[in-house]
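Notes follow the structure.
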Amino acid sequence: MHELGLVIQIVRQVENYMVENNLKKVEKIVLQVGKLSEVYPKYLNDVYPIAVEGTKLADTILEIEETVGLGKCMDCHFVYDLIENENLCPICNSKRFNVISGKEFLIKELHAI
Ligand SMILES: [Zn+2]
């Protein structure tokens, strides 16, 4: 489970940002996690309380926004949901695609005071 390491990195990043910008408190962190990123939101939520314990983020809410895994067919250029269609273009049945979205793992928003 690599989620704990990832969450600890996020916590450090946010703490540094707070110091740099003189912020007292961050009420909420919104993370964007792609469905193709191999990071599981459930595990992120499980390890988050451990990662923030004793830090400036102890009372900060974690919100996770999942992004859909979209691919663009290299043969007919149709854009489709890769997971729902099991990596097969629903129009021409091609298996060749470029990933457009779904690999994100980033801080999308910080709600700070
Ligand atoms: Zn196609």
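Indexing begins at 1, ligand by ligand and atom by atom, following the structure's order. This structure is a prediction, so every number in the text was calculated from the model and none was measured.
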* Asked: Does Val19 reach the side chain of Lys56, with side-chain heavy atoms less than 4.5 Å apart?
  -> yes
* **Salt-bridge contact Arg96-Asp75 (side-chain N to carboxylate O under 4.0 Å)** => yes
* Taking the side chain as every heavy atom from C-beta outward, state whether Ser37 and Glu104 have any atom pair closer than 4.5 Å. => no
* Structure fact -> Contacts of Ile107 meeting side-chain contact (heavy atoms from CB on, under 4.5 Å) (sequence neighbours excluded), chain-then-number -> Ile10, Gln13, Val14, Ile29, Leu31, Leu110
* **Residue pair Asn87 / Lys95, side-chain heavy-atom distance below 4.5 Å** => no
* To do: Tell me the protein N, O or S atoms under 2.8 Å from the Zn ion (ligand 1), in chain and number order.
  => Cys73 SG, Cys76 SG, Cys89 SG, Cys92 SG
* Is any side-chain heavy atom of Met18 less than 4.5 Å from a side-chain heavy atom of Val26? -> yes
